Engineer: 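The structure follows.
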Amino acid sequence: MKNGILILAGIFAMTLVSCKEDATKKVKEENVEIAAERDAKNTDFPVMTFAETEHDFGTINEGDVVEHKFTFTNTGKAPLVIVNAKGSCGCTVPQWTKDPVPPGGSGEMLVKFNSNGKPNQQTKQVTITANTEAGKEILKIKALVTPKAKPASGTPVSE
C-alpha cells in the first residue's frame, strides 16, 4: 500500500513539474533571427561536376580486372569533402581523393572492376557520399563479360 501511494505521489509530482512552463515562451526572438541569417548564408555548397558519370568497358574476359578514372571539378562555392564511396558489390572498388577539393579544384575517382565470377552483361554503380547539397552522387560502369570456357565433361583439366 505504501509503495502504491509513493508511486502515485511521484507521478503526480512529475506531471506538475513537466507541465509547468511552455517551452516556446523561452525562445528569444533575436536568436530566431540570428539562426535565420546563418541558415540563409549556408546555401553555398560544393558541386561535384564529372567529365562523365558512366563508363562502358566494352567486352572483357571473365577474370579480367579493369579500371577507369573518373575526373571531377568542384564547381561550387565551398570546399568539397568526399566522406565515402562504395561499390554496389565487392567486385567494384573505388579509390578517391582524400583531401578537400577547393572551389575550382579537381579530383579523381578510380573505379576497379573484377570480373571473376561475373559472366554476361554487368552494370555496377559507385555511390559517393559527400558534402554536396544532395549528399550523394552516383557513377556507373558496365561491361559485357565473356564467360570462361568450361572443360568438356570427363576431360581432365591440366594446369
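As the structure is a computational prediction, the values presented were derived from the model and not from experiment.
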Engineer: Do other residues, nucleotides or ligands put more than 12 heavy atoms under 6.0 Å from the CD atom of E133?
Structural biologist: no

Engineer: Provide the closest heavy-atom pair for S115 versus I60 in the form atom of the first, atom of the second, distance.
Structural biologist: CB-CD1, 3.8 Å

Engineer: Give the minimum heavy-atom separation between P94 and G87, together with the two atoms involved.
Structural biologist: CD-N, 4.0 Å

Engineer: Please state whether the rings of H55 and H68 are parallel, tilted or perpendicular, taking 30° and 60° as the class boundaries.
Structural biologist: parallel

Engineer: How far does CG of L80 sit from CZ of F72, to the nearest 0.5 angstrom?
Structural biologist: 5.5 Å

Engineer: Roughly how far, to the nearest 0.5 Å, is OG1 of T129 from CD1 of I82?
Structural biologist: 10.0 Å

Engineer: Would you compute the distance between atom CD of E54 and atom CD1 of I138 and round it to the nearest 0.5 angstrom?
Structural biologist: 11.0 Å

Engineer: Kindly compute the distance separating NZ (K86) from CD1 (I128), expressed to the nearest 0.5 Å.
Structural biologist: 14.5 Å

Engineer: Considering all heavy atoms of both residues, which atom of K136 and which atom of T132 are nearest to each other, and what is their separation?
Structural biologist: N-OG1, 4.1 Å

Engineer: Identify the heavy atoms of N114 and G63 that sit nearest to each other, and give their distance.
Structural biologist: OD1-O, 4.3 Å

Engineer: Could you name each residue pair satisfying disulfide (SG to SG under 2.5 Å) that touches residues 48-86, not counting sequence neighbours?
Structural biologist: none

Engineer: Give the C-alpha distance, both sets of side-chain angles, the deciding distance and a yes or no for side-chain contact (heavy atoms from CB on, under 4.5 Å) between Q122 and C91.
Structural biologist: CA-CA 11 Å; Q122 298 293 315; C91 63; 5.8 Å; no

Engineer: Let me confirm one number: the CD-NZ distance from Q95 to K69, rounded to the nearest 0.5 Å.
Structural biologist: 10.5 Å

Engineer: Quick one: CD on E108 to CG on L110, what's the gap to the nearest 0.5 Å?
Structural biologist: 8.0 Å

Engineer: Does M109 share a hydrophobic cluster with F57, counting links as ILVMFWY side-chain heavy atoms below 4.5 Å and allowing steps through other members?
Structural biologist: yes

Engineer: Treating Ile, Leu, Val, Met, Phe, Trp and Tyr as nodes and any side-chain heavy-atom pair under 4.5 angstrom as an edge, say whether V101 and V126 lie in one connected cluster.
Structural biologist: yes

Engineer: So that I can tick it off, tell me whether E62 and K148 are bridged by a salt bridge, with the cut-off set at under 4.0 angstrom between side-chain N and carboxylate O.
Structural biologist: no

Engineer: Count I, L, V, M, F, W, Y as connected when their side-chain heavy atoms are under 4.5 Å apart, and connections chain through other members. Are V66 and V145 then in the same cluster?
Structural biologist: yes

Engineer: Looking at residues at least two apart in the chain, or sitting in another chain, which of them share a salt bridge (Lys or Arg N to Asp or Glu O under 4.0 Å) with K140?
Structural biologist: none

Engineer: Is any side-chain heavy atom of V111 closer than 4.5 Å to one of W96?
Structural biologist: no

Engineer: Within the distance-only criterion (no hydrogens, no angle test), does the side chain of N131 pair as donor or acceptor with the backbone N or O of V83 below 3.5 angstrom?
Structural biologist: no

Engineer: Between N74 and V47, is there a donor-acceptor pair closer than 3.5 Å when you use the side chain of the first and the backbone of the second?
Structural biologist: yes

Engineer: Return the set of residues passing ring-ring contact (aromatic ring centres under 6.0 Å, His included) with F113 (not counting sequence neighbours), or none when no residue passes.
Structural biologist: none

